Structures are given as structure tokens and as C-alpha cells.
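Encoded as C-alpha cells, the structure appears first; notes follow it.
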Protein chains: 2
Amino acid sequence: MPKLGAEPIRRAALVKATIETVGEAGSLEVTVAQIARRAGMSSALAHHYFGSKEQIFLAAMRSILTLYGAEVRGALATATGPEARLRAIVAGSFGVGSFRREVISAWLNFYVLSQTQPEARRLLHVYQRRLRSNLRHELRPLVGSRAEAVARGLGALIDGVYIRAALAEGAPDRRYALKIVTEYLERELEGQA
Amino acid sequence: MPKLGAEPIRRAALVKATIETVGEAGSLEVTVAQIARRAGMSSALAHHYFGSKEQIFLAAMRSILTLYGAEVRGALATATGPEARLRAIVAGSFGVGSFRREVISAWLNFYVLSQTQPEARRLLHVYQRRLRSNLRHELRPLVGSRAEAVARGLGALIDGVYIRAALAEGAPDRRYALKIVTEYLERELEGQA
DNA sequence: AAGTTTATTGACTCGTCAATCAACAAAAAA
DNA sequence: TTTTTTGTTGATTGACGAGTCAATAAACTT
């Protein structure tokens with residue numbers, strides 16, 4: 001029953017299933033069979049399309065990073081002026097798509113993966129550099145020479161809030177997460193003004 | 001060639017080897033045999049003393065948390081007054097024992113472990129609660145009602161800085177890590193003063 | 001209609017690894 | 001000195017899981 005053009009659909013289903021499976025399990029120690037089952041296909045097919053488990057993970061990670069990027073860009077679209085743009089970047093970082101249980105948990109796991117996997121590490125570095133550069137750019141006119149340090153601090157704080165959300169039970173609290181980071185930003189800005 | 005009283009020595013060696021192995025591998029996917037070899041014994045002996053791989057990991061995690069607690073307490077010993085004590089807690093969090101490559105990496109991995117392992121989760125919660133409570137207690141006289149939020153922010157920032165250090169290449173920069181967190185603290189305090 | 005490409009899976013291989021066990025060795029206790 | 005306790009390991013078991021393969025089938029091409 002081969003409906004042609006299945007490839008992109010299958011790939012997407014696998015990526016989604018991977019994030020869900022890893023997120024639920026809270027671990028990368030999930031089997032290709034589990035992922036494939038959740039995506040409604042055999043493990044052989046998963047291998048057929050991705051070649052290896054590693055590639056499946058990388059695709060899932062790319063998907064997460066892409067989603068994250070899209071949310072930041074979306075928030076940034078309507079923001080004018082450095083402060084508004086900074087707030088947008090922060091808000092985008094806690095977007096509804098990214099700041100969800102499974103995604104957060106998957107994120108944490110991919111973080112660990114990038115300790116071993118060069119490509120995963122590369123992806124993460126790209127994301128971190130871009131975020132930091134964005135922040136620094138908007139911070140420059142507001143806090144001058146402190147821009148670099150504040151950008152790093154904000155980046156680390158965002159990661160920290162994510163990681164803590166991964167561990168907290170119950171649904172992660174976006175509002176609260178956002179508040180913590182926004183207040184940090186406000187303190188940094190008010191000193192300088 | 002049984003030298004008596006080997007148990008505590010073997011256990012300690014295994015714990016140390018576990019942290020090193022997990023830290024170097026950057027993953028929990030290390031074998032008991034690898035750990036045991038590094039500790040200079042057979043895998044059978046590791047099982048003999050700990051019963052299971054899980055127990056070995058938990059012991060290693062306890063060891064890390066104990067070390068961390070000791071460093072904070074050490075820093076706290078000579079500090080008087082809320083601000084000095086806050087600085088001590090932060091400094092202790094980046095102590096030379098805890099803020100080392102393998103330990104940081106192991107820490108990150110145990111963080112992931114606590115998504116699956118109830119006992120690991122419990123341990124981590126205890127540490128987080130204690131840290132937050134300590135911070136809150138010293139913050140109260142300085143920032144009043146904001147104490148809770150600032151304590152959470154500091155905790156998250158510390159975790160975030162750790163996690164980023166795990167990914168950075170080369171030796172982790174204690175000074176810089178400390179500076180980021182200390183500056184955050186200073187901003188929060190100067191607003192209120 | 002024959003041939004090719006795409007989709008799909010069940011069954012299998014091969015390696016790995018946690019955990020167990022039987023056996024051996026040396027110290028301590030009886 | 002026998003017995004028991006403590007220390008130690010090589011060999012083995014049993015399970016599990018990534019990746020391969022042969023086979024089947026439906027579409028699309030010529």
C-alpha cells in the first residue's frame with residue numbers, strides 16, 4: 001500500500017515521535033522500535049529513512065532548534081527598539097512551542113548528547129552563538145561594555161531555567177520562568193539607564 | 001590476596017572511577033566493566049559491592065552532592081553578615097572540587113538520570129531545596145519580599161552556568177563563572193540597598 | 001506488459017552488557 | 001587446624017537492541 005511521497009511524512013512523524021519518546025522517557029535510552037511504533041511504522045522503516053538512530057536524534061534536535069529559532073524570530077518581528085527586542089528574545093525563548101514538557105526534557109537530553117556527538121555539539125554551538133550575538137547586539141546601546149557579560153548571563157539563566165523546568169513536576173510554568181529571566185534583564189538595564 | 005577492610009576502599013575507588021568515567025564519556029552509557037577497570041578491579045567485584053549499576057550511579061551522585069555541600073559549608077564558615085554569606089554560597093558553588101570538567105559533566109548526566117530514577121530525583125531535590133532555602137534566608141534582610149524570586153533566579157543561574165561549562169571546551173573557567181553569578185547578585189542587591 | 005522505483009515489514013544476525021555463579025585465596029575465629 | 005568470613009575473578013547466562021536483508025506490493029515509467 002505504498003502511497004507515494006511518504007518520505008517527508010514519515011520523517012516528520014519520526015522526528016515528532018522521537019521528541020515525545022525521549023521527552024517521556026527522560027532519557028536517550030529509548031529504542032528505535034519504540035520511536036517507530038509511536039510513529040506508526042516498523043523499526044526497519046525508520047532505519048530505511050534515517051540510516052541510524054544517531055541520525056534520527058540529530059533530526060529531532062534540529063527540529064527543536066528550528067522551532068526555537070522560529071519562536072524567537074516571531075516574537076522579534078513586532079518589536080522595535082533595543083529594550084523591546086531584548087524582551088522579545090526572552091519571551092521567544094519561552095514560547096509555547098518550545099517550553100513544553102517533552103520538548104524541554106528532550107532538550108536536556110540533546111544537551112547531553114552534544115557531549116558525545118560532534119554534530120549535536122555543532123548545532124548547539126550555533127544556537128548559543130546566535131542567541132548570544134543577538135542579545136549582545138541589543139544590549140550594546142543599553143549597557144555598553146557590559147553587553148558581553150550580560151548576554152552570557154542571560155543565556156546561562158535561560159538554560160538554567162529550562163533545566164529546572166525539566167526536573168520540576170507538573171506542567172512547566174511559562175509565566176514564572178519568563179518572570180525570572182525578565183526581572184534579571186530589568187535589573188541589568190535599570191542600573192545603567 | 002584479600003587485604004581485609006577492602007570494602008570502603010573499593011567503594012570509594014568505584015565512586016571516583018564512576019565520576020571520571022561518566023565525566024569523560026559525557027554520558028551515562030558507560031559499562032560497569034569500564035568503571036571497574038578504571039578502579040582496578042573486575043566488574044564482578046563492582047557488582048559484589050554495589051549490587052547493581054544503578055546503585056553505583058547513586059553512590060557517585062551522593063558523593064558529588066556531598067562534595068558540593070562541603071564546599072559551600074566551608075566557604076560559609078568564615079562569612080558573617082547576609083551579603084558576605086550570599087557571596088560565600090555562590091563562591092562555594094564554584095569550588096575547586098565541584099567545578100571541574102569530569103564533575104560538571106557527571107553532574108549534568110546525573111541531572112538527566114534524575115528524570116528516570118526516583119532516588120536520584122530525590123537527592124537533587126534535597127540539594128535544590130537546601131540551596132534555595134539558604135539563599136532565601138540571607139536574601140530576606142536584603143531584598144525583602146523579592147527574596148524568593150531572587151533565590152530561584154540565582155539557583156537557576158548557577159545551574160545554567162554549570163551546564164554551559166559542561167559544553168565549553170577546554171578547562172572550565174571558574175573565575176568567569178563566578179563573576180557572572182556574582183554580578184547578578186550585586187545587581188539585585190544594589191537596587192534595594 | 002514488462003521494468004523500475006518507492007514503500008514496507010518480518011525475520012534474522014551479531015554484538016554488547018548487566019548480572020550471576022562457581023571456584024579459589026587468604027585472613028580471622030573457633 | 002578446621003571452619004567461617006571476606007575478598008576476588010573468569011566464565012557464563014540471558015536479554016535486549018541496532019542494523020541488515022530478502023521478500024512483497026503498489027505505484028509509475030516506457
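In what follows, chains carry the letters A, B, and so on, assigned in the order in which the sequence lines appear, proteins first and then strands, with residues in each chain numbered from 1. The shown structure was predicted, so the numbers you read here are calculated from the model rather than taken from an experiment.
- Near DNA chain D, meaning a heavy atom under 4.0 Å away, the residues from residues 23-31 of chain A are A:Val30, A:Thr31.
- Counting to the nearest Å, the C1' atom of D:dT6 and the CD1 atom of B:Ile9 are 13 Å from each other.
- Taking 4.0 Å as the cut-off between side-chain N and carboxylate O, B:Arg62 and B:Glu119 count as a salt-bridged pair.
- Taking a cutoff of 4.0 Å between a charged side-chain nitrogen and a carboxylate oxygen, A:Glu186 and B:Arg187 do not qualify as a salt bridge.
- For the residue pair B:Glu71 and B:Ser98, a side-chain donor N or O sits within less than 3.5 Å of a side-chain acceptor on the partner.
- Look at A:Glu148 and A:Arg132 and you find a salt bridge, because one of the NZ, NE, NH1 or NH2 atoms lies within 4.0 Å of a carboxylate O, short of that distance.
- The side chain of A:Ser42 has C:dT9 as its nearest neighbour among C:dT9, C:dA19, D:dG19.
- Across the protein-nucleic acid pair, A:Glu7 atom CD and D:dC28 atom P stand 16 Å apart, rounded to whole Å.
- A:Leu14 places its CG atom 13 Å from the C1' atom of C:dA7, with the value rounded to the nearest Å.
- Ionic pairing of B:Glu169 and A:Arg121 is present here: one or more N-O contacts between side-chain nitrogen and carboxylate oxygen are shorter than 4.0 angstrom.
- A side-chain donor-acceptor contact under 3.5 Å links A:Gln115 and B:Ser105.
- Side-chain proximity of B:Met41 to the nucleotides D:dT9, D:dA18, C:dT8 is greatest for D:dT9.
- Here C:dT16 presents its C1' atom at 11 Å from NZ of B:Lys53, a figure rounded to the nearest Å.
- Computed from coordinates, the A:Arg37 CZ to C:dT9 C1' distance equals 15 Å when rounded to whole Å.
- Between the P atom of D:dA18 and the CD1 atom of A:Ile56 lies a distance of 9 Å, rounded to the nearest Å.
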Might you list the N or O atoms of the protein lying below 3.5 Å from N or O atoms in nucleotides 20-22 of chain C, with each pair's distance?
none

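- Contact annotation: B:Arg10 does not reach the phosphate of D:dT6 (side-chain N/O to OP1 or OP2, under 4.0 Å).
- For the pair B:Ile180 and A:Arg152, the minimum side-chain heavy-atom distance is below 4.5 Å.
- The closest side-chain heavy-atom distance from B:Val30 to B:Phe57 is below 4.5 Å.
- The side chain of B:Leu45 lies closest to D:dT9, out of C:dT8, D:dA18, D:dT9.
- Residue-level contact check: A:Tyr49 touches the backbone only, with heavy atoms under 4.0 Å from sugar-phosphate atoms and none from bases.
- Where B:Ala33 and A:Ala6 each meet DNA chain C at their nearest nucleotide, the meeting point lying more 5' is that of A:Ala6.
- A salt bridge does not link B:Glu24 with B:Arg101: none of the charged nitrogens is closer than 4.0 Å to a carboxylate oxygen.
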